[in-house]
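One structure is given here, and the rest of the page talks about it.
The analysis underlying the following values was restricted to heavy atoms, covering all of them including side chains, and did not include hydrogens, waters or symmetry mates.
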Amino acid sequence: MKRKLIFIAISLLISLPMVARKYIFNAAFDSMCPISIYVDGNQYILTEASSIATTGPGAVEVYMSDKSTWSAYDKDGDRITQYSENSKTYSNGEIEFTRIELGGIIKTRSSDNDTPPVDSYDTPNYDTVTNSETYDSGNSGNDGLAEHASSVAADLASQLGNAAIRASNIDYDGFPYLSAEAGYSMFSGVNTRLRYRGGKYGGFSIFAGIGKEFIFNPKNKDCLTWNVGLSFNLENVGLNFSFGETPLSYNYGLLIDLSYEYFFSNWGIIVNGGIGFGDIEKSNPDTFWSLGIGVAFKLWSK
């Protein structure tokens with residue numbers, strides 16, 4: 001009997017390191033997705049970026065023991081070596097699950113994208129890999145550098161907005177989206193435009209529109225207005241930069257304004273206001289202010 005108890009105790013001690021715990025994988029950037037995650041030879045696909053998801057396309061849930069190994073590869077087949085981890089615990093201090101957030105731009109390329117190796121990281125050791133090669137986009141000279149810098153800038157903008165609401169459990173449904181907008185602004189007159197809103201609750205937007213002034217009588221009223229622009233968005237607020245033909249001035253104008261949008265399902269309202277500069281070829285360009293209001297309809301959303 002005594003020998004049997006000793007044998008059971010030894011067996012339990014040996015098996016303790018093999019107890020599986022819950023892990024949740026998330027991605028920091030949409031541009032990395034879909035991500036292929038390999039755990040002990042089994043493949044899982046992470047299709048969206050999220051810092052807070054525990055279920056759905058923004059999370060992969062697995063159970064791993066101390067003997068488990070895992071590796072992750074982005075959509076280009078590059079092995080992801082930069083990540084962070086943190087654990088959520090119960091009130092008694094017991095770990096509920098450990099979150100591993102995949103991210104970073106320093107990566108190593110798999111020699112065979114179809115059959116990536118799976119013997120990568122030991123689960124208990126979460127030190128970030130530092131002896132990795134710098135990512136090479138495949139281009140040379142300034143073209144490759146500009147393309148890579150543009151991708152990094154977009155990722156950082158999206159990450160900034162997501163970080164601001166990371167702890168709030170906001171629903172990401174409906175982003176990104178393509179919308180048609182119609183309304184009136186002093187800068188564009190009665191106008192309509194298309195907008196693509198990228199990212200989630202933070203990111204860049206691009207837009208273009210045309211219009212005509214029918215209500216007031218500014219100096220360039222007879223022109224057909226047009227404008228193109230770029231904006232940085234954080235939740236419902238946008239910082240917008242618009243350039244084009246405007247009834248407020250001759251020889252084109254530049255408007256810098258703040259906007260606020262609020263959607264009721266697939267349609268919403270937009271208000272904006274800002275200052276601008278026109279006839280910029282003159283030594284003393286025109287300055288003006290603009291207010292606007294309009295409605296937006298989502299033609300497509302995620």
Review point. Take atom NZ in K88; do more than 12 heavy atoms of anything else shown fall under 6.0 Å from it?
Key: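 No, NZ of K88 has 12 or fewer neighbouring heavy atoms, counting only those of other groups under 6.0 Å.
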
Check your understanding: Got more than 12 heavy atoms from elsewhere within 6.0 Å of CD, E281?
Key ->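 No, not enclosed.
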
Verify whether one side chain among [X] and [Y] offers a donor that lies under 3.5 Å from an acceptor in the other.
| X | Y | result |
| --- | --- | --- |
| S242 | N227 | no |
| S185 | S290 | no |
| E213 | T225 | no |
| D40 | S68 | yes |

Check your understanding: Which word best sums up how the rings of Y262 and Y260 line up, parallel for under 30°, tilted for 30 to 60°, or perpendicular for over 60°?
Key ->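 The rings of Y262 and Y260 lie parallel, inter-plane angle below 30°.
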
Check your understanding: With under 30° as parallel and over 60° as perpendicular, where do the rings of F243 and Y252 fit, or are they tilted in between?
Key ->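 F243 and Y252: tilted rings.
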
If you measure from [atom1] on [X] to [atom2] on [Y], what distance do you get to the nearest 0.5 Å?
| X | Y | atom1 | atom2 | answer |
| --- | --- | --- | --- | --- |
| N251 | D279 | CG | CG | 4.5 Å |
| I256 | L258 | CD1 | CG | 10.0 Å |
| F25 | E85 | CZ | CD | 11.0 Å |
| L299 | N266 | CG | CG | 9.5 Å |
| I275 | F187 | CD1 | CZ | 12.5 Å |
| S51 | R99 | OG | CZ | 8.0 Å |

Practice item. State whether D66 and R21 are salt-bridged, where the test is any N-O pair (Lys NZ or Arg NE/NH1/NH2 against Asp/Glu carboxylate O) under 4.0 Å. Key: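 Here D66 does not pair with R21 in a salt bridge, since their nearest N and O are not under 4.0 Å apart.
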
Check your understanding: Can a salt bridge be assigned to the pair K22 and E61 using a cut-off of 4.0 Å between side-chain N and carboxylate O?
Key ->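 Judged by the 4.0 Å cut-off on N to carboxylate O distance, K22 and E61 do form a salt bridge.
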
Any side-chain heavy atom of [X] within less than 4.5 Å of one from [Y]?
| X | Y | value |
| --- | --- | --- |
| K212 | V190 | no |
| P34 | L46 | no |
| F232 | F204 | yes |
| Q43 | V39 | no |
| T54 | F97 | yes |
| E261 | N233 | no |
| F207 | L194 | no |
| I80 | M32 | yes |

Point to revise | Working for side-chain hydrogen bond (donor to acceptor under 3.5 Å, both in side chains), residues N240 and S259 | key: CA-CA 7 Å; N240 311 294; S259 63; 3.0 Å; yes

Check the hydrophobic clustering (I, L, V, M, F, W, Y; side-chain heavy atoms under 4.5 Å; chains of links allowed) and say if [X] and [Y] are grouped together.
| X | Y | result |
| --- | --- | --- |
| I210 | F214 | no |
| Y83 | V62 | yes |
| F297 | I270 | no |
| L239 | V237 | no |
| V271 | W267 | yes |

Looking at every heavy atom in both [X] and [Y], which two are closest together, and how far apart are they?
| X | Y | result |
| --- | --- | --- |
| V228 | A208 | CG1-CB, 3.9 Å |
| W289 | L248 | O-CD1, 4.0 Å |
| G77 | Y73 | O-CD2, 3.6 Å |
| N191 | G189 | ND2-O, 2.8 Å |
| S249 | F288 | CB-CE2, 4.2 Å |
| A53 | G58 | CB-O, 3.8 Å |

Review point. Do the side chain of D74 and the main chain of D76 share a donor and acceptor less than 3.5 angstrom apart?
Key: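 Present.
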
Practice item. Hey, could you give me each pair passing salt bridge (charged side-chain N to carboxylate O under 4.0 Å, His left out) that has a residue in residues 178-195? Not counting sequence neighbours. Key: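 Applying salt bridge (charged side-chain N to carboxylate O under 4.0 Å, His left out) to every pair that reaches into residues 178-195, excluding sequence neighbours, yields E181-R193, E181-R195.
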
Exercise for review: Verify side chain to side chain contact (heavy atoms under 4.5 Å, CB included) between T69 and M64, making sure each step is shown before the conclusion.
Suggested key: CA-CA 8 Å; T69 58; M64 295 189 291; over 6 Å; no

Practice item. Carefully, step by step, assess N86 and T98 under the rule side chain to side chain contact (heavy atoms under 4.5 Å, CB included). Key: CA-CA 6 Å; N86 62 82; T98 298; over 6 Å; no

Check your understanding: With D257, which residues qualify under salt bridge (Lys or Arg N to Asp or Glu O under 4.0 Å), at least two apart?
Key ->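 For D257, no residue satisfies salt bridge (Lys or Arg N to Asp or Glu O under 4.0 Å) once neighbours in sequence are set aside.
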
Exercise for review: In sequence, state the C-alpha distance, the side-chain angles, and the governing distance for L230 and S205, and then conclude on side chain to side chain contact (heavy atoms under 4.5 Å, CB included).
Suggested key: CA-CA 6 Å; L230 172 72; S205 297; over 6 Å; no

Review point. On the ring face of F263, is K298 found with NZ or CZ under 6.0 Å from the centre and within 45° of the axis?
Key: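 Relative to the ring axis of F263, which defines the angle, K298 lies inside both limits.
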
